[in-house]
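Everything numeric in this text was worked out from a predicted model, so none of it was measured. Counting starts at 1 for both ligands and their atoms, following the listed order.
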Amino acid sequence: MCGIVGYIGAKPASNYLLEGLFRLEYRGYDSAGIAVQSGDTIAVRKKTGRVGQLAELLKASPVTGTHGIGHTRWATHGQPSDNNSHPHTGGNGEVVLVHNGVIENYATLRSQLQELGYVFHSQTDTEVVAHLVAHQLEEELKLGADPDSNATYLRAVELTLKQLKGTYGLGVLFRDKPGLLIAARLGSPLVVGVGKDEHYLASDASPLVGYTDKVVYLNDHEIAMITANSLEILHRDTGSQTPHIRVLEQTASDTELGQFEHYMLKEIFEQPTSIENAFRGRLDDDEATARFGGLNLDPQELRRIDRIVLTACGTSWHAGLVGEYIIEEFARIPVEVEYASELRYRNPPMSERTMVFAITQSGETADTLAAMRECKRKGHPTLAICNVVGSSIAREADGGIYLHAGPEVGVASTKAFTSQVTVLTLLALFMGRIRHLSYPAGQRMIANLRKMPDKIRQTLECHNRVKEIARKYYTAENFLYLGRLHNFPVALEGALKLKEISYIHAEGYPAAEMKHGPIALVDEQTPSVFVVPRCQIYPKVISNMEEVRARRGPIIAIACEGDDKVAELADDVIYVPDVDEYLQPMVTSVPLQLLAYEIALLRGCNVDRPRNLAKSVTVE
Ligand code: G6P
């Protein structure tokens, strides 16, 4: 949520700032802006709308300078407008900064600063921080602090941070101290890129790819004092830190669109590979189990676990629901799936034998991070199932399993979902095999998992059929998605995909529960998407379809190849390969991703950048 970039070195800053903002645009696209410093002049350019619009503005009104900051905004306080766009200026222009996060006590601070004579030009919480830094700087200088010393500016930032309640990732420039960039983090991620006589700043590592492969992830309560040639990191409690430089493995080609029109479509079609990458090297044929390098728990500790809590948000939460079914079935351990936003404030009884997994693509979702921290604080083994290496959740968890799905750029998550389901299936196998699951049953699971990339390839052949179906239904204003057992979470996920990118109201429901409410919505204009592959309660789902048909609701069915019975009942069928029940979600979710994509295209929506959403939600 909101993307921050910064540069300090010898090159024109605006090149990296703009490119970086393009790469971070998935974090928010309500407005964009940069500030570039040259001597004691800081030029600010900012504009409502996408980074592309900022680029146009910069063509018409260029800026020069070798250090600067930039921001792409997902609005929290104050609507998207030029005035509310970042960077914000404090005092009389002495301070210019960008911010990601939420300042909860901004209203009180704003009144105090207004009483001191500070004039506000925006409705944002960020402008409060800018004025406060300017105010603290003025106070320091009045007390005789050295205006030429970096320490004076650092102190102004430190004094400001002490007064803030909430979260922040900050990048700050000082008009009277050219050549200095200060960054600070609490709750909102920041990465410093280390180059030769230059440093970069970014909300995540993606803008740094191609510029440098040396990165330093800032931790909460750390402040970075950055010049072209030096990087000093200070922690609020422990003082000066040695920067821990890591090597970035991402390459520029990972985020290229290639032959695809949109990232979402590219990522849907990457699923045969991303699923394979999720199990590659983790299947142990000899012992008929899964192997993980990073769980950091020994078999004795794992055997003691008698309950698993999976916590996540959005699509990752849906993957957790699939995981619940599979883990309970194969490992016979009770699983609960908790919305992280609820779990972080709830106080459910959890015994010392409860293990917690945070499931997250980005590794930065604020609620998931907070829920994980709360569980960790209570002493539970807290692990992550995460895609982004080096993300906050990956670094703070006691251990975990990476998805290895490669960067997911489309705001609507697709390949991360199927990779999460794959990893949760591996976990079910692993936990099952240290408990009740037999050797042959473990072998069967392994053999089935190996077939999945091909099954997904076959599934993707439905794309043209999905296009036809999308053309038939894209004008509908309501959709129902219905499925049972393993395919109930798939129904939820299908509905979420459609809502996110086509802005059509869609509800996912367990098919039988439909009778307790949603059936009232069924009419000739409301299509119901039934996820009905062959399963143990297949005839029951067929009865649910009959109920909808009796009320003249159009039916789109996702069914197994050769299922003629479904074809008789449904108006339109998308066939998928037959796989074991626990593997069906990986297969049945794919046509639903494509359906949402095609409908959104026909409705003229921006599939990769849907309105009001952001890929990485780093605020509560
Ligand atoms: C946002 C994204 C969703 C994602 C959710 C959780 O809402 O738009 O696609 O599922 O955050 O994100 P995470 O990175 O924690 O999986």
* Structure fact -> On a heavy-atom basis, the closest approach of I558 and P591 is CG2-CG, 3.9 Å

* Could you tell me whether R603 sits above the aromatic face of Y503, with NZ or CZ closer than 6.0 angstrom to the six-membered ring centre and within 45 degrees of the axis? => no

* Are side-chain N/O atoms of T315 and S413 paired as donor and acceptor at under 3.5 Å? -> no

* To do: Mind checking salt bridge (Lys or Arg N to Asp or Glu O under 4.0 Å) for E19 and listing every partner two or more places apart, or none if nothing turns up?
  => R23

* Structure fact -> Residues passing the salt bridge (Lys or Arg N to Asp or Glu O under 4.0 Å) test with K467, sequence neighbours excluded, are none

Please give the N or O to N or O pairs under 3.5 Å between ligand 1 and the protein, distances rounded to 0.1 Å.
| from | atom 1 | to | atom 2 | distance (Å) |
| --- | --- | --- | --- | --- |
| ligand 1 | 8 (O) | A614 | O | 3.1 |
| ligand 1 | 9 (O) | V411 | O | 3.2 |
| ligand 1 | 10 (O) | T315 | N | 3.0 |
| ligand 1 | 12 (O) | T365 | OG1 | 3.3 |
| ligand 1 | 14 (O) | T360 | OG1 | 3.4 |
| ligand 1 | 14 (O) | Q361 | N | 3.4 |
| ligand 1 | 14 (O) | S362 | N | 2.7 |
| ligand 1 | 14 (O) | S362 | OG | 2.6 |
| ligand 1 | 14 (O) | T365 | OG1 | 3.4 |
| ligand 1 | 15 (O) | T360 | OG1 | 2.7 |
| ligand 1 | 15 (O) | T365 | OG1 | 2.4 |
| ligand 1 | 16 (O) | S316 | OG | 2.5 |
| ligand 1 | 16 (O) | Q361 | N | 2.7 |

* Structure fact -> Quick note, salt bridge (Lys or Arg N to Asp or Glu O under 4.0 Å) partners involving residues 69-81, not counting sequence neighbours, are none

